[in-house]
Peer 1: 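Dumping the structure here so I can ask a few things about it.
Below, chains carry the letters A, B, ... as their sequence lines are ordered, and counting in each starts from 1. Values below: all heavy atoms of this structure, side chains included; hydrogens, waters and symmetry mates excluded.
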Number of protein chains: 2
Amino acid sequence: MIKREKRIQDLTNFIKVNNACSISELSTKFNVSEMTIRRDLAILESNGIVRYLHGGALYNPGLDSQQSNNEDVKDFSDSDYLFNQQIVKHRDDKIAIARKASTLLEPDESVMIDSGTTMSYLCREIENTFSFTAVCWSLNVLVELSRKPNCKLISYGGYFHSQTKMFENPYPSDFMKYTRASKVFISAGGVHPQLGVTCPLSYESETKRKAIESSKTSILLVDASKFGKVCPTHFANIEDFDIIVTNDHLEESMKQEIVARGVRLILV
Amino acid sequence: MIKREKRIQDLTNFIKVNNACSISELSTKFNVSEMTIRRDLAILESNGIVRYLHGGALYNPGLDSQQSNNEDVKDFSDSDYLFNQQIVKHRDDKIAIARKASTLLEPDESVMIDSGTTMSYLCREIENTFSFTAVCWSLNVLVELSRKPNCKLISYGGYFHSQTKMFENPYPSDFMKYTRASKVFISAGGVHPQLGVTCPLSYESETKRKAIESSKTSILLVDASKFGKVCPTHFANIEDFDIIVTNDHLEESMKQEIVARGVRLILV
DNA sequence: TGCAATATGTTAGAATTGTAACAACTTGGG
DNA sequence: CCCAAGTTGTTACAATTCTAACATATTGCA
């Protein structure tokens, strides 16, 4: 049990560093049979961490180490995180949410995109040739969008946090201040009626706040498991959002609460 | 001839967008035999644009579309650029230069790293576990370095130029102003005794200038073909550099000129 | 146009990789 | 300590991919 955990962790890192690796290499590298490597990779693939090609595996950039923006932090540090079906469920939910949110995008508009796995999925859902302008502050979003030929891209820089793949800009005088967008897509770690919308790390909050301020329409993308949860850092209240996109696992009272505050609720 | 050109171009884009692709997919996608695809990919691999895995190819991030910083612009827009052995030669030279330059790095120091293929190679030459702080402004360097666990990273943000994968920050008040490093590694498109050190695009010059100003030791990395060339935008003079690393194809007079100006010349 | 060079397709056999089933080994409670 | 569940290795066979050589088609240029 513990041995496999360790190997899978190392495997992930190794593939990440090398971008890709063949089964046979991995097999000799980790001193296990190819069959075992295949089984490990099957797990990693079902969790979206690597892509599988005949003969080897390929790192799926932007979909791991997303320890921010959500309470999956716990799940991901759990020793059995990879075997937990919950994770995959959240993943499917997130993909569905992202797909729905992507339909809100209009051609040639300017949008801001937060960091986090859900946002990576959102980027993937956008047609490769779709024409729009994006403002971002995370490497995942950056990498995803930099592939799209008709996407004009602006990224905030700053200190790079490798766990979250996010930039923290310590200079508030930065051009962040002058940037505007018609929509902003935000992720969160917790949504609570009284305690507000929260995230796990203090350095993200300022960027999120500023992004919401600078956009005409604010859209929150969270899977239903985030409702009722609270993370250490508050960055907005429910009513600060114009739209919340989530999956249909919400208690009726929460739905009513959201709608009562004038927020449009989109369920998938 | 022209058909192959086109296909290879499309192939590159397709693999880039998809990050990776199997031979069979590519074969059906482009309506040619798998054998042809293999031959195409062999060319792309020998130019460092993709990596080959049993059964498919994988986009090699950071090593194409580098149409800045060097006069390879011409080569790269040439219809037969991929078949031009010169390119591969430059590539080998650049890798050798990058390798040499990487030995100048000292543990735990702060360095700035410019954009361009040579810089990508430089990043690759740095040990994965090497401990240092880097400041950068190009996606290639960012992606390369973000994989290294002991690299503290700072990136400038701004408008993203997809041809050069570089950020242009239109706000000079940015925190770029307050950033310092002990060494800076710079690339260039042309080095001329009278006309100075130049690059093809005006938006890069300001960042290069600022980087040189903000660093204790400035190091220029250029392959020998750049000497005597001139690009539109001037950003420094030869004597502004403390060290020039290049390959040993320089005319004797140029070598003497460089040394006479008090610049340390390192040849590989 | 016709020839030489290049590009592409085809084939068959070699090499590699994948699958499935079962055996052997570990591990963690009871 | 033993058992059940989970993990790993092995085997044989299926499927896929690779290589090389040759045949055919296309292209560039004299």
Side-chain angles (χ1 to χ4, degrees), chain A residues 1-15 18-60 75 78-88, chain B residues 1-15 18-47 49-60 75 77-88:
Chain A
M1 200 80 136
I2 203 85
K3 230 161 50 182
R4 179 166 213 177
E5 295 291 317
K6 175 88 174 71
R7 190 182 57 240
I8 286 190
Q9 202 73 358
D10 293 346
L11 212 53
T12 308
N13 287 331
F14 189 79
I15 298 170
N18 291 278
N19 206 16
C21 203
S22 73
I23 302 283
S24 50
E25 275 179 285
L26 292 172
S27 167
T28 54
K29 187 89 194 170
F30 290 91
N31 274 310
V32 288
S33 70
E34 302 201 342
M35 198 59 232
T36 302
I37 294 290
R38 281 195 195 96
R39 288 191 266 237
D40 290 350
L41 290 178
I43 292 171
L44 285 174
E45 179 163 60
S46 78
N47 282 276
I49 293 171
V50 302
R51 266 183 59 194
Y52 201 78
L53 235 55
H54 193 282
L58 159 70
Y59 184 60
N60 209 346
D75 299 328
D78 247 345
S79 64
D80 61 345
Y81 72 94
L82 284 166
F83 309 91
N84 188 347
Q85 272 310 103
Q86 276 301 98
I87 281 284
V88 177
Chain B
M1 200 82 136
I2 203 86
K3 231 161 49 182
R4 178 168 212 175
E5 295 291 318
K6 174 89 173 72
R7 191 183 56 241
I8 285 190
Q9 204 72 359
D10 293 345
L11 212 52
T12 307
N13 287 331
F14 189 78
I15 298 171
N18 292 275
N19 205 16
C21 204
S22 73
I23 303 284
S24 51
E25 273 179 286
L26 292 171
S27 168
T28 54
K29 187 91 195 171
F30 289 91
N31 272 312
V32 288
S33 71
E34 303 201 341
M35 196 61 234
T36 302
I37 294 289
R38 280 194 195 96
R39 287 191 265 238
D40 290 350
L41 291 178
I43 292 170
L44 286 175
E45 179 163 61
S46 78
N47 282 274
I49 293 171
V50 302
R51 267 181 61 193
Y52 199 77
L53 236 55
H54 194 280
L58 160 70
Y59 183 60
N60 210 345
D75 300 328
S77 53
D78 247 344
S79 63
D80 60 345
Y81 73 93
L82 284 167
F83 310 92
N84 187 347
Q85 272 310 105
Q86 276 302 98
I87 280 283
V88 177

Peer 1: Given C:dG18, D:dC18, D:dG9, identify the nucleotide with an atom nearest to the side chain of B:His54.
Peer 2: D:dC18
Peer 1: Can you see which heavy atom on A:Leu53 is nearest to which on B:Ala20, and at what distance?
Peer 2: CD2-CB, 4.3 Å
Peer 1: May I have the distance from A:Asp40 (atom CG) to D:dT7 (atom C1'), rounded to whole angstrom?
Peer 2: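 It is 10 Å, rounded to the nearest whole Å.
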Peer 1: List in chain and number order the residues that pass side chain to side chain donor-acceptor pair (under 3.5 Å) with A:Glu45, two or more places apart in sequence or in another chain; answer none if no residue qualifies.
Peer 2: none
Peer 1: Applying side chain to side chain donor-acceptor pair (under 3.5 Å), can you list everything that pairs with A:Ser24, at least two apart in sequence or on another chain?
Peer 2: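 With neighbours one apart ignored, the set is A:Ser22.
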Peer 1: Rounded to the nearest angstrom, tell me the gap between atom CG in B:Leu11 and atom C1' in C:dA7.
Peer 2: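 Going from B:Leu11 (CG) to C:dA7 (C1'), I get 15 Å.
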Peer 1: Could you give the angle between the helix axes at the two ends of the helix from C:dT1-D:dA30 to C:dG30-D:dC1, with five pairs per end, rounded to 10 degrees?
Peer 2: 40°
Peer 1: Considering non-hydrogen atoms only, spot the tightest contact between B:Phe30 and B:Asp10 and give its length.
Peer 2: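 Heavy-atom minimum between the residues: CE2-CB, 3.4 Å.
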Peer 1: Looking at the side chain of A:Ser33, which of C:dT16, D:dT7, D:dT10 is the nearest nucleotide?
Peer 2: D:dT10
Peer 1: With B:Asn18, which residues qualify under side chain to side chain donor-acceptor pair (under 3.5 Å), at least two apart?
Peer 2: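 Partners of B:Asn18 by the side chain to side chain donor-acceptor pair (under 3.5 Å) criterion come out as none, since no residue qualifies.
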Peer 1: List the residues meeting side-chain contact (heavy atoms from CB on, under 4.5 Å) with B:Leu41, not counting sequence neighbours, and say none if there are none.
Peer 2: B:Leu11, B:Ile15, B:Ile23, B:Leu26, B:Ile37, B:Leu44, B:Val50, B:Tyr52, B:Ala57
Peer 1: Taking only heavy atoms on the protein side, list every residue of residues 20-31 of chain B lying under 4.0 Å from any atom of DNA chain C, sorted numerically.
Peer 2: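 Those residues: none at all.
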Peer 1: Tell me the interatomic distance from B:Lys6, atom NZ, to C:dA7, atom C1', rounded to whole angstroms.
Peer 2: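 Checked: the NZ to C1' distance equals 18 Å.
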Peer 1: With sequence neighbours excluded, what pairs up with A:Thr36 under the side chain to side chain donor-acceptor pair (under 3.5 Å) test?
Peer 2: A:Ser33
Peer 1: In this structure, how many angstroms lie between the C1' atom of C:dG9 and the CD atom of B:Glu34, rounded?
Peer 2: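 Those two atoms, CD and C1', are 12 Å apart.
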Peer 1: Rounded off to whole Å, could you give me the CD1-to-C1' distance for the A:Ile37 and D:dT10 pair?
Peer 2: 16 Å
Peer 1: Run the salt bridge (Lys or Arg N to Asp or Glu O under 4.0 Å) test against A:Arg7 and tell me which residues pass, sequence neighbours left out.
Peer 2: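 Only A:Asp40 meet the salt bridge (Lys or Arg N to Asp or Glu O under 4.0 Å) criterion with A:Arg7.
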Peer 1: I'd like to compare against my own output: the B/S/- annotation of nucleotides 21-26 of chain D with a strict under-4.0 Å heavy-atom distance to protein.
Peer 2: ------
Peer 1: Check this one for me: any side-chain N or O of A:Arg38 less than 4.0 Å away from OP1 or OP2 of C:dT19?
Peer 2: no
Peer 1: Could you tell me how far apart B:Arg4 (CZ) and D:dG28 (P) are, to the nearest whole angstrom?
Peer 2: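 It is 13 Å, rounded to the nearest whole Å.
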Peer 1: Could you tell me the separation between the CD1 atom of A:Ile43 and the CD1 atom of A:Ile8, rounded to the nearest 0.5 Å?
Peer 2: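 Rounded to the nearest 0.5 Å, the CD1-CD1 separation comes out at 4.0 Å.
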Peer 1: Starting from C1' on D:dT27, measure out to CZ on B:Arg7 and report it in whole angstrom.
Peer 2: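 Rounding to the nearest Å, CZ of B:Arg7 and C1' of D:dT27 are 14 Å apart.
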Peer 1: Without decimals, in angstroms, what is the distance between A:Leu41 CG and C:dT17 C1'?
Peer 2: 13 Å
Peer 1: For residues 24-34 of chain B, which residue pairs qualify under salt bridge (Lys or Arg N to Asp or Glu O under 4.0 Å), counting only residues two or more places apart or in two chains?
Peer 2: B:Glu34-B:Arg38
